[in-house]
Amino acid sequence: MADIIYIDVDEGTKRVMNNSKLYAKLLSKFKDDQSINQINTALAGGDMAIAKDYTHTLKGLAANLSLTELYKHCMELEDQIKAGAAVTDKYSIVKEVYNQTIKEADKVIEQYA
């Protein structure tokens, strides 16, 4: 089984003209984003439209920062929300992947900041 790549650092730094310090700064700002918590709140309150919006936001951030695994799971969660499917299990996976992505981001930030 291949190792999971949570952050494609090479692709991420390419997106910011190979400025690794800027990439580390953007990852640091990403850590302050509250979308993951907003998704949870919306799902707990049954507001699927808001949950979809915040999932879309988190998916976009993940795509822009080359957070590959998080992007993939956010896309799947968004699709499930749109389809009206049960999403509790998928949200749990997204949250787990998010937490691991943050751990990996801390390593990148430490390396390049």
Atom [atom1] of [X] and atom [atom2] of [Y]: how far apart are they, to the nearest 0.5 Å?
X   : Y    : atom1 : atom2 : result
H73 : S92  : NE2   : OG    : 12.5 Å
L58 : Q38  : CG    : CD    : 11.5 Å
T55 : M75  : OG1   : CE    : 13.0 Å
I5  : T101 : CD1   : OG1   : 12.0 Å
L27 : S20  : CG    : OG    : 11.0 Å
L77 : Y54  : CG    : OH    : 15.0 Å

So, do [X] and [Y] sit near enough that their side-chain heavy atoms are less than 4.5 Å apart?
X   : Y    : answer
V94 : C74  : yes
T68 : Y6   : no
Y98 : L67  : no
Y91 : I39  : yes
D53 : T57  : no
K21 : Y112 : no
L43 : M48  : yes

Quick one: closest heavy-atom pair of [X] and [Y], and the distance?
X   : Y    : answer
N37 : Q34  : ND2-OE1, 2.6 Å
A51 : A42  : N-CB, 3.5 Å
A24 : I109 : O-CG1, 3.5 Å

Shared hydrophobic cluster, L61 / Y71 (ILVMFWY, side-chain heavy atoms < 4.5 Å)
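No, L61 and Y71 fall in different hydrophobic clusters.
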Steps toward side-chain contact (heavy atoms from CB on, under 4.5 Å) verdict (D33, K29)
CA-CA 7 Å; D33 181 75; K29 288 184 71 128; over 6 Å; no
Is E76 salt-bridged to K72, going by a charged N under 4.0 Å from an acidic O?
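Not counted as a salt bridge, because no side-chain N and carboxylate O are separated by less than 4.0 Å.
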Distance-only criterion, 3.5 Å: show the donor-acceptor pairs between side-chain atoms of residues 80-89 and protein atoms not counting sequence neighbours.
residue : atom : partner : partner atom : Å
Q80     : NE2  : A86     : O            : 3.2

Does a sphere of radius 6.0 Å around CD in E96 hold more than 12 heavy atoms from other residues, nucleotides or ligands, not counting ones at 6.0 Å or beyond?
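No.
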Are there more than 12 heavy atoms of other residues, nucleotides or ligands under 6.0 Å from atom NZ of K95?
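Correct, the count exceeds 12.
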Donor-acceptor pair, Y23 side chain versus L65 backbone, under 3.5 Å?
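Judged by distance alone, yes, a pair lies under 3.5 Å.
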Quick one: salt bridge (Lys or Arg N to Asp or Glu O under 4.0 Å) partners of K52, sequence neighbours excluded?
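Listed in chain order: nothing, the list is empty.
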Does anything in residues 103-113 pair up under salt bridge (charged side-chain N to carboxylate O under 4.0 Å, His left out), and if so which pairs, sequence neighbours excluded?
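Of all non-adjacent pairs touching residues 103-113, those that pass salt bridge (charged side-chain N to carboxylate O under 4.0 Å, His left out) are K31-D106, E104-K107.
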